[in-house]
Structure formats: C-alpha cells, structure tokens
J.: 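For reference, the structure I am asking about is given below.
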There are 2 protein chains.
Amino acid sequence: MNKKYSCKLDPETCSKTRMAIQDTLDVVGGKWKLVLLSILRGGKRRFKELSREADISPRILSKELQELEMNGLVSRTVCDTKPVTVEYALTTYSETLSDVLISMQKWGEQHRKKIVAAS
Amino acid sequence: MNKKYSCKLDPETCSKTRMAIQDTLDVVGGKWKLVLLSILRGGKRRFKELSREADISPRILSKELQELEMNGLVSRTVCDTKPVTVEYALTTYSETLSDVLISMQKWGEQHRKKIVAAS
DNA sequence: AATACCGGTTACAAAAAGGATACCGGTACA
DNA sequence: TGTACCGGTATCCTTTTTGTAACCGGTATT
C-alpha cells in the first residue's frame with residue numbers, strides 16, 4: 001500500500017543487472033577499446049603497427065592493451081626476432097562478445113537513422 | 001600481394017560497424033544513463049525523486065535527462081500541479097534497447113564469473 | 001512578509017581521461 | 001662508434017567529465 005515506488009523487478013535484481021551491464025561497459029567502453037578490437041579482427045598486429053593504424057600514442061595504447069589483456073580479450077606474444085617484436089591478437093574468448101557487439105551495432109544503425117530522420 | 005594487412009571485412013565496413021557501436025555507447029554509456037534507465041523501469045519519477053534515488057546532483061541529472069530525452073528514450077511531462085512537478089518516464093522506443101541491454105547483462109555476468117575464477 | 005518546496009541553472013572546484021614529448025634498454029647494421 | 005628501429009615508460013599538460021554550493025522564479029503555506 002505504502003511502498004515508495006512500484007518496481008517490477010525488486011531493487012536487488014535491478015542493481016545486479018546494472019552492475020553486470022556496467023561491467024561490460026567498462027570492458028568495451030572508452031575511446032579506444034573498440035577501435036583496437038576491430039583492428040585486431042583483421043589479424044594480429046605489432047605494437048607500433050597498432051599505434052600507427054589507430055593513431056594512438058604509445059602511452060595510451062600500452063594502457064588499453066593491458067586492460068584488454070587482463071580481460072582475456074587480447075593475447076600478447078613476445079617474438080624472438082632480430083629486434084624483439086610483440087604481437088597482439090584476439091583470443092577465442094573475445095568471440096563471446098559478438099552477441100553484445102552485434103546487438104549494439106544493429107541498434108546504433110537503426111538509432112542513427114531514426115535520429116537523422118527526426119531532424 | 002602487397003596489401004598492408006589482411007582484413008576479413010573491408011575497412012569501410014569496419015569503420016561503419018565501429019561507428020554504430022560507438023553511437024550506442026554514447027547513448028547508454030557514461031556513469032548515469034544506465035542507472036536512470038533502470039530506475040525508470042520501475043515507473044515514472046519526478047526530478048527530485050530521481051535526484052534522491054540515484055543520489056545525483058541536479059546539475060548532472062538535468063544534463064543526463066536532456067540527453068536521454070533527445071535520444072527518445074525518456075519522456076518529460078510537465079504536470080499542472082500546485083507546485084509545478086515534472087514527470088520523467090521511459091518511452092516505448094526505449095524498449096528497442098532491450099536486446100542490447102540483455103546481451104550486455106549476460107556477458108557481464110559470465111565475464112565477472114570468469115574473472116573472479118581466474119584470480 | 002517570511003518560509004518552504006519544486007525544477008532547474010550558474011559559477012566554480014576536483015578528478016578522471018586523454019594526449020605530446022622525450023627518453024630508456026636492447027639489438028642490428030653501416 | 002653513430003644511427004636506427006623495436007616495445008614501452010616517465011613526465012608533464014590539456015580536455016572532458018563529474019561534483020559542490022549557492023541561487024532563481026514560481027507557487028503555496030504560515
């Protein structure tokens with residue numbers, strides 16, 4: 001009778017849901033994560049290649065790659081070549097993100113159309 | 001023979017995909033959008049109610065609500081009551097986001113498990 | 001007239017994110 | 001020995017985002 005507000009889902013479930021979505025946002029959000037993932041979809045790259053292709057400074061690149069690696073989305077392999085090179089590549093685990101990325105892509109596309117149409 | 005790198009998808013398609021995903025991130029990303037959407041899933045709220053429930057300052061709240069409204073996810077209704085009140089509610093259009101939110105939620109949940117297990 | 005609530009806005013401070021530049025240790029090559 | 005490329009870090013600075021506090025116009029209540 002006197003509940004403050006009517007929530008279809010109880011507050012606990014709500015906040016768990018929110019946390020899960022936030023987790024995902026933390027992993028793929030930010031300015032560079034997605035750019036790097038999509039470049040790596042084209043195959044492995046070395047550090048400087050990524051830096052050039054994405055036009056991103058080494059400091060940021062290094063940080064972003066570490067985060068992606070910590071989340072298991074990207075692998076880092078040191079190659080014993082003339083000047084030591086390091087290869088970054090997508091992991092198989094990164095494929096688990098495809099549902100997320102595909103739904104985001106679809107929504108983004110239709111939303112842009114909608115917004116453009118409305119203006 | 002001499003292509004710089006082998007991309008399964010041609011670069012144009014890649015960048016369109018990226019842009020679409022970025023659009024989505026712009027809409028639901030950030031610190032507050034999701035919190036507000038999930039509170040509003042429990043039914044409409046007035047400005048101060050949102051401010052209190054989310055513990056968000058009026059300045060930020062105002063900005064976030066404007067953005068959500070611009071994107072058609074939230075409606076703003078001025079009620080002609082004793083002290084004028086304003087009601088914010090989810091639009092039907094906001095339901096188009098459900099695929100995105102559900103997939104993000106699922107991935108976030110399993111990812112957290114994975115990360116926790118690994119540590 | 002004084003006070004209080006509502007939906008905001010303004011001006012300012014703090015913190016987080018992102019960027020530019022220089023540099024390091026290692027190896028090769030001229 | 002000098003130069004160049006590699007992966008990456010350290011330092012400093014700018015931009016963006018978020019937070020704090022006071023305040024405004026409008027209406028109702030005391």
Side-chain angles (χ1 to χ4, degrees), chain A residues 4-5 18-19 21-40 43-71 74-90, chain B residues 4-5 18-19 21-40 43-71 74-90:
Chain A
K4 275 192 199 143
Y5 39 88
R18 234 152 56 197
M19 197 175 66
I21 300 179
Q22 278 298 352
D23 285 346
T24 304
L25 241 28
D26 289 344
V27 172
V28 301
K31 190 169 176 182
W32 294 111
K33 302 270 156 56
L34 232 47
V35 175
L36 295 175
L37 289 179
S38 86
I39 289 179
L40 288 176
K44 52 186 166 189
R45 295 283 191 285
R46 286 181 294 104
F47 190 87
K48 280 249 157 100
E49 283 178 331
L50 280 173
S51 179
R52 278 189 289 258
E53 261 183 71
D55 193 26
I56 178 177
S57 71
R59 195 183 75 90
I60 307 292
L61 179 56
S62 174
K63 197 199 59 169
E64 301 285 294
L65 286 172
Q66 278 173 31
E67 288 169 12
L68 289 170
E69 200 192 347
M70 283 191 336
N71 282 308
V74 157
S75 66
R76 178 179 180 278
T77 315
V78 179
C79 306
D80 201 6
T81 48
K82 329 102 186 261
V84 168
T85 56
V86 179
E87 280 177 356
Y88 291 90
L90 292 187
Chain B
K4 273 190 198 145
Y5 39 88
R18 234 153 55 199
M19 197 174 68
I21 300 179
Q22 277 299 352
D23 285 346
T24 304
L25 281 175
D26 288 345
V27 172
V28 300
K31 189 169 177 182
W32 294 111
K33 302 271 155 57
L34 231 48
V35 176
L36 295 176
L37 289 179
S38 87
I39 288 180
L40 289 176
K44 52 186 165 188
R45 294 285 191 282
R46 286 182 295 104
F47 189 87
K48 281 250 157 99
E49 283 179 332
L50 280 173
S51 180
R52 278 190 288 259
E53 261 183 72
D55 194 26
I56 178 177
S57 71
R59 196 183 74 89
I60 308 291
L61 179 57
S62 174
K63 197 199 60 172
E64 301 286 294
L65 287 172
Q66 277 172 30
E67 288 168 12
L68 289 171
E69 199 193 347
M70 283 190 339
N71 283 308
V74 158
S75 66
R76 178 179 181 277
T77 315
V78 179
C79 304
D80 201 6
T81 49
K82 327 101 186 254
V84 169
T85 56
V86 179
E87 281 179 356
Y88 291 90
L90 292 186

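So you know, we letter chains A, B, ... as the sequences are listed, proteins then strands, and number each from 1.
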J.: Using side chain to side chain contact (heavy atoms under 4.5 Å, CB included), reason through Gln22(A) and Asp26(A) one step at a time and then give a plain yes or no.
T.: CA-CA 6 Å; Gln22(A) 278 298 352; Asp26(A) 289 344; 4.2 Å; yes

J.: Describe the nucleic acid contact of Gln66(B) in one word from base, sugar-phosphate, nothing, applying a heavy-atom distance below 4.0 Å.
T.: sugar-phosphate

J.: Keeping the roles fixed (side chain from Ser51(A), backbone from Ser57(A)), state whether a donor-acceptor pair exists under 3.5 Å.
T.: no

J.: Calculate the interatomic distance between Leu61(A) atom CG and dA10(D) atom C1'; express it in whole Å.
T.: 16 Å

J.: Begin from the C-alpha positions of Leu68(B) and Leu40(B) and carry the test side chain to side chain contact (heavy atoms under 4.5 Å, CB included) through to its verdict.
T.: CA-CA 12 Å; Leu68(B) 289 171; Leu40(B) 289 176; 5.7 Å; no

J.: When you check the phosphate oxygens OP1 and OP2 of dG18(C), does a side-chain N or O of Lys63(A) lie under 4.0 Å from one of them?
T.: yes

J.: Side chain to side chain contact (heavy atoms under 4.5 Å, CB included) with Lys63(B): which residues, sequence neighbours excluded?
T.: Glu67(B)

J.: Rounded to the nearest angstrom, tell me the gap between atom NZ in Lys44(B) and atom P in dG7(C).
T.: 14 Å

J.: Assess whether side chain to side chain contact (heavy atoms under 4.5 Å, CB included) is satisfied between Val74(A) and Leu36(A), documenting all intermediate values.
T.: CA-CA 10 Å; Val74(A) 157; Leu36(A) 295 175; over 6 Å; no

J.: dT9(D), dG7(D), dG7(C): which one has an atom nearest the side-chain heavy atoms of Thr85(A)?
T.: dG7(D)

J.: So if I take every side-chain heavy atom of Lys48(A) and compare against dG18(C), dG7(C), dG7(D), which nucleotide ends up nearest?
T.: dG7(D)

J.: Through what angle, rounded to 10 degrees, does the axis of the helix from dA1(C)-dT30(D) to dA30(C)-dT1(D) turn between its ends, using five pairs per end?
T.: 30°

J.: If you take all heavy atoms of Val28(B) and Lys33(B), which pair is closest and at what distance?
T.: O-CB, 3.7 Å

J.: In this structure, how many angstroms lie between the C1' atom of dG8(C) and the CD atom of Glu87(B), rounded?
T.: 17 Å

J.: What is the separation between atom CD on Glu64(A) and atom C1' on dA16(C), rounded to the nearest whole Å?
T.: 13 Å

J.: Would you please confirm or rule out a distance under 4.0 Å between OP1 or OP2 of dC5(D) and any side-chain N or O of Arg52(A)?
T.: no

J.: Please enumerate all residues that pass side chain to side chain contact (heavy atoms under 4.5 Å, CB included) together with Val86(B), with sequence neighbours excluded.
T.: Arg76(B), Val78(B), Tyr88(B)

J.: As an exercise, state the distance from CG of Leu90(A) to CG of Leu37(A), rounded to the nearest 0.5 Å.
T.: 6.0 Å

J.: Taking CG from Leu36(A) and C1' from dG18(C), how many angstroms apart are they, rounded to a whole number?
T.: 14 Å

J.: From Arg18(B) CZ over to Ile39(A) CD1, what is the distance, rounded to the nearest 0.5 angstrom?
T.: 6.0 Å

J.: With no hydrogens and no angle check, just 3.5 Å: does a side-chain donor-acceptor pair link Arg46(A) and Thr85(A)?
T.: no

J.: What's the CG-P distance between Leu65(A) and dG18(C), to the nearest Å?
T.: 14 Å

J.: Name the pairs: protein N/O against N/O of nucleotides 27-30 of chain C, kept only if under 3.5 Å.
T.:
from: dT27(C); atom 1: O3'; to: Lys82(A); atom 2: O; distance (Å): 3.2

J.: So, taking the atom named CD1 in Ile21(A) and the one named CG in Leu34(B), what distance separates them when rounded to the nearest 0.5 Å?
T.: 5.0 Å

J.: Over how many whole Å does the gap from Glu49(B) atom CD to dG7(C) atom P extend?
T.: 8 Å

J.: Between the protein and nucleotides 19-24 of chain D, which nitrogen or oxygen pairs are less than 3.5 angstrom apart?
T.:
from: dG19(D); atom 1: OP1; to: Lys31(B); atom 2: NZ; distance (Å): 2.7
from: dG19(D); atom 1: OP2; to: Trp32(B); atom 2: NE1; distance (Å): 2.9
from: dG19(D); atom 1: N7; to: Arg59(B); atom 2: NE; distance (Å): 3.4
from: dG19(D); atom 1: N7; to: Arg59(B); atom 2: NH2; distance (Å): 2.8
from: dG19(D); atom 1: O6; to: Arg59(B); atom 2: NE; distance (Å): 2.9
from: dG19(D); atom 1: O6; to: Arg59(B); atom 2: NH2; distance (Å): 3.0
from: dT20(D); atom 1: O4; to: Arg59(B); atom 2: NE; distance (Å): 3.2

J.: Please list, chain by chain and in numerical order, all residues satisfying side chain to side chain contact (heavy atoms under 4.5 Å, CB included) with Lys31(A), sequence neighbours excluded.
T.: none

J.: Could you tell me how far apart Leu25(B) (CG) and dT16(D) (P) are, to the nearest whole angstrom?
T.: 19 Å

